[in-house]
Protein chains: 2
Amino acid sequence: MLTKEFNYKVVPNGVCAAEGFLASGVHCGLRKNKNKPDLALIYSENLCQAAAVYTQNKVKGAPIYVTQKHLKNHQAQAIIVNSGNANTCNANGEKDAKTMCQTIAAQLDIEESDVVVASTGIIGQPLPIDLISEAASELKNQLSREGNDQAAAAILTTDTCQKEYALSIEIAGKTVRIGGISKGSGMIHPNMATMLCFVTTDVAIEAALLQEALRAVTDETFNMVSVDGDTSTNDMVTVLASGLAENPLITDSQSAEYQLFIQGLYVVLRELSRKIAQDGEGASKLLECQVTGAKDKATARLIAKSVITSSLVKSAMFGQDPNWGRILCAIGYSEGDFSIENVQVDLASVKGRATVCLNGSHIAFDVAQLEEILTEDEIFIYVDLGQGQAKATAWGCDLTYDYVKINADYHT
Amino acid sequence: MLTKEFNYKVVPNGVCAAEGFLASGVHCGLRKNKNKPDLALIYSENLCQAAAVYTQNKVKGAPIYVTQKHLKNHQAQAIIVNSGNANTCNANGEKDAKTMCQTIAAQLDIEESDVVVASTGIIGQPLPIDLISEAASELKNQLSREGNDQAAAAILTTDTCQKEYALSIEIAGKTVRIGGISKGSGMIHPNMATMLCFVTTDVAIEAALLQEALRAVTDETFNMVSVDGDTSTNDMVTVLASGLAENPLITDSQSAEYQLFIQGLYVVLRELSRKIAQDGEGASKLLECQVTGAKDKATARLIAKSVITSSLVKSAMFGQDPNWGRILCAIGYSEGDFSIENVQVDLASVKGRATVCLNGSHIAFDVAQLEEILTEDEIFIYVDLGQGQAKATAWGCDLTYDYVKINADYHT
């Protein structure tokens, strides 16, 4: 997705990097641990163009339905998010999600319909809405340009670390910032959207183009991540654009300015996606599978995702075992248009790179070198099909004892 | 698949239960442990009608290709199987698989093309074919009516127990026996066929009807099993019919006789499938998901498989945790034609049954009772969609520390 000429600078402050955005995070009591904030607010000083993509799970969290209604006019000014409870499969879910929007809108003196709402946590337990309502004024009072840290912490569940990333680019002589925060560790197998991710930018862009950019970029980033094959009910990626960078309004998807913006958005979402894969429940290694030489993009995507989703490949990576037969097996059961007779598989890390399969068959390799390569935390699996020009990349993580521990014996 | 009137008797001797069949198993050295037989032979005293279904993985083991050629005439008289090496993704794979058939055919004085060959074990390691050739005469000499036990042992890999089942039914006043052995523990997510399973019967039936029956029954049994979502490269189910029961030849799929036979075959394959799910790598519990009330069969099948394949559901069952939200999530991301507003989910075991979700939402339930239900080794998950008459059942197992241990740190 990136051209060779694309330049950007990494900047601090995640969701507060762009002009006009404040954030906060507080502990309202949904999570038992008082040191863990569980309610986040992102606020823009002016009304923003807004875009979002959502989970394709037929079971959807109540906040998804409310947010979809609120974004019909492609505008928003605030995002409220709680962790500790997904507000999904509850009798009063939509009512509670609306109450969250009403309460914070009243505090901020904005329209209820300009609030995006999201929830993450356990499914099927009634949401203690009073805890949220009582915390609304503190949440507003804590808003600041330095609030990114608290907001990034408040949206986490089983995540072991905060996930934030921001960069700046130049568009038509103006500095444009794009930054975001994300969460996600288990129930990660996004389909058309993903886990919670909130992006802010000060670019000036038409809402329809913002939506187009978001959909194109999530297809190449969040939709190429899998931790455990389970597509969540509450996945959502939202982007708010304040326009305060004062670049000439982007109105044409063929323009150089749009191409710059979409590349910046790609880098932000790719980094936030990788952080989710890396922090997959129980994960000790990030796996990146790059498929090249496919006849078409769809086939490349299916194979890349199949490899990083295979429990047997994931277990082998945890065991630092160069068992390429399992990789070939996962390629083989992918749907898509390909044959395997030309396939080459390489394994790599910062320790080096080695071919483990050539023309679909066993070749001799140095086992000690391979085992050394696989000791690293980031493992690259290169699959070349030798049948065309299409390519795709997917991200996942290894399958460890801790994944089972976290999911068999968890407590909120 | 079963009518209320269907009667059968369980009988001993698995693959040797039917008239005319002998079996043996020896240690030829493919596996390091000398106490584990690793080469099996099933032999019929007369030429049989034969049918088979195979893996849909695009990467197929060499034995699959050789067996497909040999069964073009729908006849076979012997089956040779090794464990410890899958003979897949090897440069000389087909040549070695052919050599296995030639060698045993010469010993048995039958046609090479009347031998079915199968291999299971590690992918991508050259097969030490000499070990097999050298053991061929002993394999033949050991053949006996009591050889089922040795053959059932010789086809195992990471399985913790032998899998055999046989029954007898009455067809047109004659006693017909159907029995089989199977293996499979990891890389289990059959698609159109499954792990290794060898069935023998003395029924007299036309080859085309035998194939039709096998395909219909595997769709309802092996194709509804998943241990880890990985479809193997070597899956195969074969049935040999000797005709020695002397029932009038079955030639009509609408006949009462065919209906009796297919029900008998269903019970045998269902029991062998369940044994594979129950013995899934690291498994401590068998999971059975029964979906009812679907609009169509395809939807019922997709949902049942989605539930028993979900890593999060599997981990929760290991943890004896009635986390029905994860079940609803797995229903929701199934493909198929359904809505979830009427869905009811019950959990059950021999300790009792309790509803955990009604009309797609949380209902109050007795947590202590649920936890007691989930202590058992066989857990039933009932999903009623309330939208039609179609139903399906799928089998799986829980996800445990031992699954990771076996697959991260295994040795042959």
Side-chain angles (χ1 to χ4, degrees), chain A residues 55-60 86 88-91 93 122-126 186-187 189 191 228-233 309-321 323-326 328-334 338-340 357 360-362 398-401 403-410, chain B residues 55-60 86 88-91 93 122-126 186-187 189 191 228-233 309-321 323-326 328-334 338-340 357 360-362 398-401 403-410:
Chain A
T55 184
Q56 294 300 302
N57 195 311
K58 289 194 184 69
V59 179
K60 288 185 177 62
T88 300
C89 304
N90 290 326
I122 293 193
I123 298 173
Q125 296 198 350
M187 211 178 268
H189 185 83
N191 182 12
D228 53 12
D230 282 86
T231 301
S232 159
T233 52
T309 307
S310 159
S311 292
L312 288 166
V313 171
K314 288 153 64 79
S315 300
M317 292 298 109
F318 174 51
Q320 306 185 359
D321 170 14
N323 189 324
W324 61 273
R326 294 182 180 175
L328 228 62
C329 177
I331 296 170
Y333 63 68
S334 307
F338 64 97
S339 65
I340 64 116
C357 168
S361 282
H362 170 78
D398 55 348
L399 176 61
T400 70
Y401 299 123
Y403 177 84
V404 179
K405 187 175 170 66
I406 290 165
N407 286 300
D409 183 29
Y410 66 95
Chain B
T55 184
Q56 294 300 302
N57 194 311
K58 290 194 184 70
V59 179
K60 288 185 177 61
T88 300
C89 304
N90 290 327
I122 293 195
I123 298 173
Q125 297 197 350
M187 211 178 268
H189 186 83
N191 182 10
D228 53 13
D230 282 86
T231 301
S232 159
T233 52
T309 307
S310 159
S311 292
L312 289 165
V313 172
K314 288 154 63 80
S315 300
M317 291 299 110
F318 175 51
Q320 307 185 357
D321 170 14
N323 188 323
W324 61 273
R326 294 182 181 176
L328 229 61
C329 177
I331 296 169
Y333 63 69
S334 306
F338 63 98
S339 64
I340 63 117
C357 169
S361 281
H362 170 79
D398 55 347
L399 176 62
T400 70
Y401 299 124
Y403 177 85
V404 180
K405 186 175 171 64
I406 290 164
N407 286 301
D409 184 28
Y410 66 97

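In what follows, chains carry the letters A, B, and so on, assigned in the order in which the sequence lines appear, proteins first and then strands, with residues in each chain numbered from 1.
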If you count heavy-atom pairs under 4.5 Å between each of B/Thr88, B/Leu399, B/Val313, B/Ile331 and chain A, which one has the most?
-> B/Leu399
If only atom types and distance count, is the side chain of A/Asn57 paired as donor or acceptor with the main-chain N or O of A/Lys60 below 3.5 Å?
-> no
Side chains of A/Cys357 and A/Leu328: does their closest heavy-atom pair fall under 4.5 Å?
-> yes
What is the minimum heavy-atom distance between B/Lys314 and B/Asp398, and which atoms define it?
-> O-CB, 3.4 Å
So, the part of A/Ser334 with a heavy atom under 4.5 Å from chain B: the answer is backbone
Applying a strict 4.5 Å limit to non-hydrogen atoms, the region of B/Ile340 in contact with chain A is side chain
Nearest 0.5 Å please: distance from the OG atom of B/Ser311 over to the CZ atom of B/Phe318.
-> 14.0 Å
Scored by heavy-atom pairs under 4.5 Å with chain B, the best of A/Ser310, A/Ser339, A/Gly124 is A/Gly124
Turns out that what part of A/Thr400 lies under 4.5 Å from chain B's heavy atoms comes down to backbone
Max heavy-atom pairs within cutoff under 4.5 Å with chain A, candidates B/Gly360, B/Pro126, B/Gly332, B/Ala86, goes to B/Gly332
Taking all atoms of both residues into account, what is the closest heavy-atom pair of B/Ile123 and B/Cys89, and its distance?
-> CG2-SG, 3.9 Å
